[in-house]
Amino acid sequence: ADGAEYTFGATQADLSTLDAPAGYRDLVQKVRAIAAREADEIAARYPKVLRRVGGYNLDSVAASAFNMSHLLVGSEGTLAYSKRIHLNLSPLPAHKTLGICHFPTFYRAMEAPQHIVKLDPAAVELVDRTMIGLARDNPAFRPIVDQCVKGDPDAILLVEFAGDALDEQVVKLKQLVELMGELGLPGSVVEITDANLQRDFWEVRKAGLNIMMSMKGDGKPVSFIEDCAVPLEHLAEYTDRLTRV
C-alpha cells in the first residue's frame, strides 16, 4: 500500500531470523495473522485441488513456513506488481512412453484418471468419440489414428510417462496395462515407445480444436465452460451431468 519494494519468497516459522526489511516482516506477520484468524473459513471454502488461481491464495500461508510469492499468484496485480520474477524451471525429460487407454463409455474414461494418477503420469489427456471420428475422416491424420486406436472406443485417454531413464518409463507403462486390467478393461492399452509415433499422435490431439471447428453444418462446438478444475473423484459425475446439459 505504501509502494515499498520487497522480495517475496520463502519464509520460516521464526520471523525474527528472516533476513528482510522490517516492513516486509511486518507484512508477513499481518498476512499470517489473517490466515490464522480465518483458518476455519479457509478450510471450509478453499477448493482442495492443485489447479486453482481464482483469487488470493490465503490457504498457502496458513502453514507456519510458507512462500509469500504464492499469495501473489491469482491476485492479477491487485496486491503488487513485479519488476523481476525468478522461475524454478526443470529440464525436459529425456525419455517418454505413451499408453493409449480405450474405453467403451465416456463415463468410464472419466472414472479412470483418479486411479491412473497414482502411477505419477506426466500427462493424461482425453480424446472423445467425436474427435476420433473427425480425425479418421481427415486424410492427414487417419493413418496415425488407425495405427494407435483399435476398434471403435467411445473415448480414449492418452497417458504419458516421462523421465531421464527409459527403463523406468517402460515399467510404468506396464503398470498402466495392469491397472486397466484391474479396472475391468484388460487388453485396452496400446503401448507406444517409439518417440516419432508418440509425437505424431500428440499432434492429432493438439489439432483437435481445429478439426472440431472444421465440422460442416450447424453442429459446431461453441465456447461454454473453459478451464474448469474438478476433483478427480467427481470428474465422471461432473462430465456426465455437463454432457446432459
Side-chain angles (χ1 to χ4, degrees), residues 9-10 48-53 57 60 63 65-67 69-70 73 85-104 106 108-128 131-132 135 140-151 153-209 227 229-236:
K48 306 300 188 292
V49 291
L50 183 63
R51 182 178 183 179
R52 46 163 190 76
V53 286
N57 296 327
S60 71
F66 58 92
N67 193 320
S69 64
H70 294 173
V73 177
I85 299 175
H86 179 83
L87 300 178
N88 183 20
L89 302 180
S90 300
L92 291 173
H95 299 285
K96 298 178 181 179
T97 57
L98 179 65
I100 300 179
C101 304
H102 294 55
F103 297 89
F106 185 86
R108 294 195 70 180
M110 294 294 92
E111 281 183 318
Q114 61 184 312
H115 307 291
I116 292 174
V117 294
K118 296 174 184 177
L119 300 178
D120 194 27
V124 181
E125 295 280 352
L126 168 77
V127 180
D128 65 4
M131 196 179 297
I132 294 171
F141 294 129
R142 177 161 193 148
I144 303 166
V145 175
D146 287 345
Q147 189 173 352
C148 300
V149 179
K150 305 305 178 185
D154 201 48
I156 58 175
L157 290 179
L158 281 57
V159 182
E160 182 179 83
F161 301 101
D164 293 330
L166 178 59
D167 290 347
E168 292 179 3
Q169 313 321 311
V170 172
V171 169
K172 286 188 176 183
L173 191 57
K174 298 300 181 185
Q175 291 173 341
L176 176 67
V177 173
E178 294 174 4
L179 173 64
M180 291 298 292
E182 293 170 0
L183 295 177
L185 295 168
S188 61
V189 181
V190 173
E191 304 170 59
I192 303 178
T193 56
D194 179 81
N196 291 329
L197 185 55
Q198 291 179 54
R199 184 195 63 236
D200 290 344
F201 200 79
W202 274 117
E203 286 301 318
V204 175
R205 170 64 176 79
K206 291 175 183 176
L209 180 60
D227 256 3
V230 182
L232 289 179
E233 61 269 24
H234 302 316
L235 186 58

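Owing to the predicted nature of the structure, the values given are computational and were not obtained by experimental measurement. Starting from 1, each residue takes its place in the sequence as its number.
Taking 4.5 Å as the limit, some side-chain heavy atom of Val189 sits within range of a side-chain heavy atom of Glu191. Between Pro231 and Val49, some side-chain heavy-atom pair lies under the 4.5 Å cut-off. With contacts defined as side-chain heavy-atom distances shorter than 4.5 Å, the pair Phe161/Leu119 qualifies. For the pair Lys150/Val190, a side-chain contact is recorded, criterion being any heavy-atom separation below 4.5 Å from C-beta on. Contact annotation: the side chain of Lys172 never approaches that of Thr97 to less than 4.5 Å [non-hydrogen atoms, C-beta and beyond]. Taking the side chain as every heavy atom from C-beta outward, Pro104 and Leu185 approach each other to under 4.5 Å. For the pair Leu179 and Lys118, the minimum side-chain heavy-atom distance is 4.5 Å or more. Put simply, the side chain of Ile116 reaches to within 4.5 Å of the side chain of Leu176, judged on heavy atoms.
Nearest heavy-atom pair, Met180 versus Cys101, reported as atom, atom and distance to 0.1 Å: CE-CB, 3.9 Å. Contact detail for Leu235 and Pro113: the closest heavy-atom pair is CD2-CG, 4.2 Å. Between Phe141 and Ala207 the shortest heavy-atom distance is CZ-CB, 3.7 Å. Minimum interatomic distance between Ala236 and Glu111 (heavy atoms only, all atoms of both residues): CB-CG, 3.6 Å. The minimum heavy-atom distance linking Leu126 with Ala155 is given by the pair CD1-CB, 3.9 Å. The minimum heavy-atom distance linking Leu183 with Ala112 is given by the pair CD1-CB, 4.4 Å.
The NZ atom of Lys206 sits 10.0 Å away from the CD atom of Glu125 when rounded to the nearest 0.5 Å. In this structure, Glu178 CD and Lys174 NZ are separated by 9.5 Å, a value rounded to the nearest 0.5 Å. Atom-to-atom distance recorded for Met131:CE and Ile156:CD1 is 9.5 Å, nearest 0.5 angstrom. In this structure, CG in Leu158 is found 7.5 Å from CD1 in Ile192, a value given to the nearest 0.5 Å. To the nearest 0.5 Å, atom CG of residue Asp167 and atom NE2 of residue His95 are 8.5 Å apart. Interatomic distance, Ile144 CD1 to Arg205 CZ, rounded to the nearest 0.5 Å: 15.0 Å.
Applying the side chain to side chain donor-acceptor pair (under 3.5 Å) rule to Asp194 yields no partners; only residues at least two apart in sequence or on another chain are considered. In this view, Glu160 and Lys96, Leu98, Ala122, Ala123, Trp202 satisfy the side-chain contact (heavy atoms from CB on, under 4.5 Å) rule, not counting sequence neighbours.
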ask   = Would Arg142 and Val145 count as a side chain to side chain contact (heavy atoms under 4.5 Å, CB included) if you check the C-alpha gap in whole Å, the side-chain angles of each, and the deciding distance to 0.1 Å?
value = CA-CA 5 Å; Arg142 177 161 193 148; Val145 175; 5.7 Å; no
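Atom CD of Gln114 has more than 12 heavy atoms from other residues, nucleotides or ligands within 6.0 Å.
Between the His70 side chain and the Asn57 main chain, no donor and acceptor come within less than 3.5 Å of each other. The backbone N or O of Ile100 lies less than 3.5 Å from a partner atom in the side chain of His102, making a donor-acceptor pair.
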